[in-house]
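What follows is a short report on a single structure.
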Number of protein chains: 2
Amino acid sequence: MPHDQQRTRIQRKNRQAILEAALDVFSQYGFRGATLDQIAQSAGLSKPNLLYYFPTKEAIHSALLSGLLGHWTAPLRSMNPDGDPVEEILTYVRRKLEMSREYPRESRLFANEVLQGAPHIGEMIQTEMKTLVDEKAAVIADWADQGRIPPLHPYHLIFSIWAMTQHYADFDTQVRATLGGADQDPFPEAETYLTTLFTRLLNP
Amino acid sequence: MPHDQQRTRIQRKNRQAILEAALDVFSQYGFRGATLDQIAQSAGLSKPNLLYYFPTKEAIHSALLSGLLGHWTAPLRSMNPDGDPVEEILTYVRRKLEMSREYPRESRLFANEVLQGAPHIGEMIQTEMKTLVDEKAAVIADWADQGRIPPLHPYHLIFSIWAMTQHYADFDTQVRATLGGADQDPFPEAETYLTTLFTRLLNP
DNA sequence: CGTGATCCTGACCAATTGGTCAAACAAAAA
DNA sequence: TTTTTGTTTGACCAATTGGTCAGGATCACG
């Protein structure tokens, strides 16, 4: 049973390759649309060998999602209650946008999952995720109460940051197609735009 | 061949039922994740009978998407160049949010499609969609040139409206789970928040 | 070296997939 | 009432799906 912990060198390498391949495939086709053959081929393994490392398709998916959740929520987690409100929020926006540029597959993986009603991570959202958001929303509410930022609904403020930043990863195809010059990188302009938007929104 | 036009009463009824069922299934599972059996059952037809009305799975999907595109872009299309800029944009935002509330399945259908690289409607995006956005972005740019709204990047302004409004349809599960009271309707608060956001953003 | 644990494979399986087809059935036209 | 047209079905198909299993290959270690 290699599933308890990553012991050997080979196990580490292959589990890593599988998760990498699975990220590719799941993020592009969703859970039901992805196939084990695709993942196995992309990882350079045979299908039975793949199933030697993970017992089921769901196990791969779960391992991916739970392993990524911490990384994905890091920018929000590092928002500092003692910092300058506008600066903290702007930094959060920029770091979140940077995540969309650097890790678009991760963004699409979560998007696919949530789109389908979050059947595999619904629990995680209701616990870990909600706890984090509750905490940070309280911080934002405090800032608003102190008059340091305008009185905006803290949860919807967070939602709008998620929406706008993840949009550039999840809907990359549409963004690029709409902007025309397909080779053009939309992210620099996006950062400028979002900085302007939140600066105007948060300063009195 | 019933595929040229909807002739008989039965054809109209069944084609309608199929598209309705397909919207349910495709929007929840994506193209590859959806099955003909699911759609047939949801439409109350046998699978061969379903394939009597549409030759392939792709045909159903295409019919759905192309039939919906016009409806989906209506709010942007009706943005009036001769109206008051702030009011026009705010109305657009509100109508778009209303679409997310009234037609979440349609939103998720497009989201699924674009997430996977828009393999079936990439062409439509590059032509019809882009033309519309180009036109309306020009209107917004004019408004900015005339000093009637701040100088914001028109395309990214439109993207941000898409992102924030569609977020409430596409990520409904996450929004409700995060807000806690699962039975609570997030849309009224969302409308208030978005109105505030764009009012602050667009007024000098 | 040898031996036990780990790693890998080809052959296989039942279930499901999108799709076909001939024949039966129903509706409408004659 | 025929005849024609339109509609529905059960049986079927090849391909693909997630997953199993016995045995072979390879590794680490004494």
Side-chain angles (χ1 to χ4, degrees), chain A residues 1-65 112-113 116 119-120, chain B residues 1-65 112-113 116 119-120:
Chain A
M1 273 177 246
H3 308 305
D4 350 278
Q5 238 159 339
Q6 287 152 252
R7 289 203 191 117
T8 78
R9 159 186 57 97
I10 295 179
Q11 255 176 62
R12 242 189 308 277
K13 191 192 66 173
N14 281 346
R15 284 182 64 102
Q16 194 50 46
I18 290 169
L19 290 176
E20 172 71 17
L23 179 56
D24 259 357
V25 178
F26 280 134
S27 69
Q28 196 174 358
Y29 299 109
F31 181 75
R32 288 182 55 165
T35 73
L36 290 182
D37 297 83
Q38 264 181 300
I39 298 172
Q41 190 181 352
S42 173
L45 299 174
S46 66
K47 189 169 60 170
N49 199 13
L50 181 150
L51 287 162
Y52 170 75
Y53 290 98
F54 291 90
T56 62
K57 185 182 178 184
E58 300 214 6
I60 305 176
H61 194 244
S62 289
L64 251 190
L65 283 169
N112 259 308
E113 170 68 8
Q116 299 177 12
H120 305 93
Chain B
M1 274 176 245
H3 308 305
D4 351 277
Q5 238 158 338
Q6 287 152 252
R7 290 204 190 117
T8 78
R9 158 186 57 97
I10 294 178
Q11 254 175 64
R12 243 188 307 276
K13 190 193 65 173
N14 281 346
R15 283 182 66 103
Q16 194 50 46
I18 290 169
L19 290 176
E20 172 70 18
L23 179 55
D24 260 356
V25 178
F26 280 134
S27 68
Q28 197 174 359
Y29 299 109
F31 180 75
R32 287 183 56 166
T35 73
L36 290 182
D37 297 83
Q38 263 180 299
I39 298 172
Q41 190 181 352
S42 173
L45 299 173
S46 67
K47 190 169 59 171
N49 198 14
L50 182 151
L51 287 162
Y52 170 73
Y53 290 98
F54 291 90
T56 63
K57 186 184 179 182
E58 299 214 7
I60 305 176
H61 195 245
S62 288
L64 250 191
L65 283 169
N112 258 308
E113 169 69 9
Q116 299 178 11
H120 306 93

If I take atom CG in residue A:Leu45 and atom C1' in nucleotide C:dC8, what distance separates them, rounded to the nearest angstrom? 9 Å
With no hydrogens and no angle check, is any side-chain donor or acceptor of B:Ser27 less than 3.5 Å from a backbone partner on B:Leu23? yes
Nearest-angstrom distance from the residue atom CD1 of B:Ile18 to P of D:dT7: 11 Å
Among C:dT17, D:dT9, D:dT20, which nucleotide sits nearest the side chain of B:Asp37? C:dT17
Want to settle it: does B:Arg9 or B:Lys47 sit nearer the 5' end of DNA chain C, counting the closest nucleotide to each? B:Lys47
For C:dG10, does either OP1 or OP2 sit under 4.0 Å from a side-chain N or O belonging to A:Asn49? no
Please tell me which of the listed nucleotides, C:dC8, D:dT7, D:dT20, lies nearest to the side chain of A:Ile10? C:dC8
Side-chain heavy-atom pair B:Gln41, B:Ser46 within 4.5 angstrom cut-off: no
Does a nitrogen or oxygen in the side chain of A:Tyr52 sit under 4.0 Å from OP1 or OP2 of C:dC8? no
Using OP1 and OP2 only, check whether a side-chain N or O of B:Asn14 sits under 4.0 Å from D:dT8. yes
Measure from CZ on A:Arg12 to P on C:dC7 and round the result to the nearest Å. 11 Å
Donor-acceptor contact below 3.5 Å, side chain B:Ser62 vs main chain B:Glu58: yes
Between A:Leu36 and B:Lys13, the residue closer to the 5' end of DNA chain D by nearest nucleotide is B:Lys13
Over all strands shown, is B:Ala59 touching base, sugar-phosphate only, or nothing at heavy-atom distances under 4.0 angstrom? nothing
If you go through the side-chain atoms of B:Lys57, does one of them form a donor-acceptor pair with the base of C:dG19 closer than 3.5 Å? no
With DNA chain D as reference, determine whether A:Glu58 or B:Pro48 sits nearer its 5' end, using the nearest nucleotide of each. B:Pro48
A:Phe31 CZ to D:dT17 C1', in whole Å, measures 12 Å
When the distance from CZ of B:Arg32 to P of C:dG18 is rounded to whole Å, what number comes out? 11 Å
Report yes if a side-chain nitrogen or oxygen of A:Gln11 is closer than 4.0 Å to either non-bridging phosphate oxygen (OP1 or OP2) of C:dC7; otherwise report no. yes
Note, B:Asp24 side chain near B:Gln38 side chain (heavy atom, < 4.5 Å): no
So does A:Ser46 get a side-chain nitrogen or oxygen closer than 4.0 Å to the phosphate oxygens (OP1/OP2) of C:dT9? yes
Between P of D:dT9 and CG of B:Leu51, the distance in whole Å: 13 Å
If you check the B:Thr8 side chain, which of C:dC7, D:dT7, D:dT20 turns out closest? D:dT7
Would you say A:Ile60 and A:Phe26 make side-chain contact, with heavy atoms under 4.5 Å? yes
Atom OH of B:Tyr53 and atom C1' of D:dT8: how far apart are they, to the nearest Å? 8 Å
Expressed in angstrom and rounded to an integer, what is the separation of A:Tyr29 atom OH from C:dT17 atom P? 19 Å
B:Leu19 versus B:Phe54: any side-chain heavy-atom pair under 4.5 Å? yes
